[in-house]
Amino acid sequence: MTKFCVVGSLNMDMVTRVERFPQPGETLTGLSFNIFPGGKGANQAVALARLGARVEMVGALGDDVLGNRYAQILAEARIGMAAVAREAEVSTGTASIEVSAAGENHIVIVAGANALVQPARVEAARPIIETCASLLLQLEIPMESVLAAARIAKAAGLAVILDPAPARELPAELYPLVSVITPNEHEARLLTGEDCSTEAGIARAGKRLCEMGAACAIIKAGPRGAFIVQGTSCKRIPGFAVKVVDTTAAGDSFNAGLALALAEGRELPEAVRFANAVGALSTTREGAQSAMPSLEEARALVAKAGA
Ligand code: RIB
């Protein structure tokens, strides 16, 4: 079975549901509170596992109560944890999240142990990374470690799928190591300076990302779906209409679906359609990993919409 490697973050998400977001200086009464496992890296790992894939995780947890609980969650999801370190001096990463009635979110992360995923850690995981077919990356660990992982993967012939989130500038050296870069409109704008509110702007941003060295850019555009840009070609793959409860980790779920479909040898439009379905389904339930769909659910949505 194809194996995937995720090098990235693990956070415990502290989620408060609110009718609306508070103004600066305002105190609001929330509707509910929950603690869910999250972090962009682990979300992608768990989404892949939920889709039936074998996954190895490279990252770090604090040696604390949250870390203990998280380690249990990864074990239950059958994710390879040989390269997940436990750090004594720092807390497990956390994210404070508010989710509005419309399902939109505000997120504040504290890196904690994620900041200690240094290049040496990634290098130590080289033997694990090299046994995988694809590497999934995001930006909640140090940038040098993202770069180190991409170098190892590129040299070993893995597909490298980079989610440039949360939005940060990227070193020029990273782009040519990347098979597919998957920013949302906001991230694409930060990386390229192009206004991505129009299709023409998205096409320009995608072209720019390819010029910088990425083999392909897939720009996630929420309910509008996603745009596949390769050089001067730009194709929109429409999204799925679902009843949105919580958009947290929709992008992470999308990337897991994309990685799986590409590793199965699907053409880009079909792979992005499947990824759109995985992302859409993850918005119909609360939380990040708690919301991720099974392979059957994702295939059923694709089939239903195509019927
Ligand atoms: O992409 C969603 C994730 O972003 C959340 O789970 C939170 O932990 C933040 O990292």
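Note that ligands are numbered from 1 as they come in the structure, with each ligand's atoms numbered from 1 the same way.
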- Message: Taking distance alone, with N or O pairs closer than 3.5 Å, would you say T248 contacts ligand 1?
- Response: no

- Query: Among pairs that include at least one residue of residues 72-83, which meet side-chain hydrogen bond (donor to acceptor under 3.5 Å, both in side chains), considering only residues two or more places apart or in two chains?
  - Reply: R69-Q72

Note the single closest protein heavy atom to [atom], along with its residue, its atom name and the distance in Å.
{"atom": "atom 4 (O) of ligand 1", "answer": "K40 NZ, 3.2 Å"}
{"atom": "atom 2 (C) of ligand 1", "answer": "D252 OD2, 3.4 Å"}
{"atom": "atom 3 (C) of ligand 1", "answer": "N43 ND2, 3.6 Å"}
{"atom": "atom 10 (O) of ligand 1", "answer": "E140 OE2, 2.6 Å"}
{"atom": "atom 8 (O) of ligand 1", "answer": "D13 OD1, 2.6 Å"}

- Task: Tell me, please: is G39 in heavy-atom contact with ligand 1, that is, under 4.0 Å?
- Result: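 Yes, G39 has heavy atoms under 4.0 Å from ligand 1.
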
- Message: With a 4.0 Å cut-off on heavy atoms, is A249 in contact with ligand 1?
- Response: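 A heavy atom of A249 does come that close to ligand 1.
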
Do [X] and [Y] come within less than 4.5 Å of each other through their side chains, counting heavy atoms only?
{"X": "Q44", "Y": "I161", "value": "no"}
{"X": "D163", "Y": "K220", "value": "yes"}
{"X": "S91", "Y": "L66", "value": "no"}

- Task: Would you mind listing which atoms of ligand 1 come within a distance below 4.0 Å of any non-hydrogen atom of A95?
- Result: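 So the answer, numbered in order with elements, is 7 (C), 8 (O).
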
- Message: List ligand 1 atoms under 4.0 Å from G38, heavy atoms only on the residue side.
- Response: 6 (O), 8 (O)

- Query: Do K207 and E211 sit within salt-bridge range, that is, some charged N less than 4.0 Å from a carboxylate O?
  - Reply: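 Looking at E211 together with K207, the answer is yes, because their closest N to O distance falls below 4.0 Å.
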
- Task: State whether E270 and R273 are salt-bridged, where the test is any N-O pair (Lys NZ or Arg NE/NH1/NH2 against Asp/Glu carboxylate O) under 4.0 Å.
- Result: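 No.
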
- Can you see which heavy atom on A49 is nearest to which on A77, and at what distance? CB-O, 3.7 Å

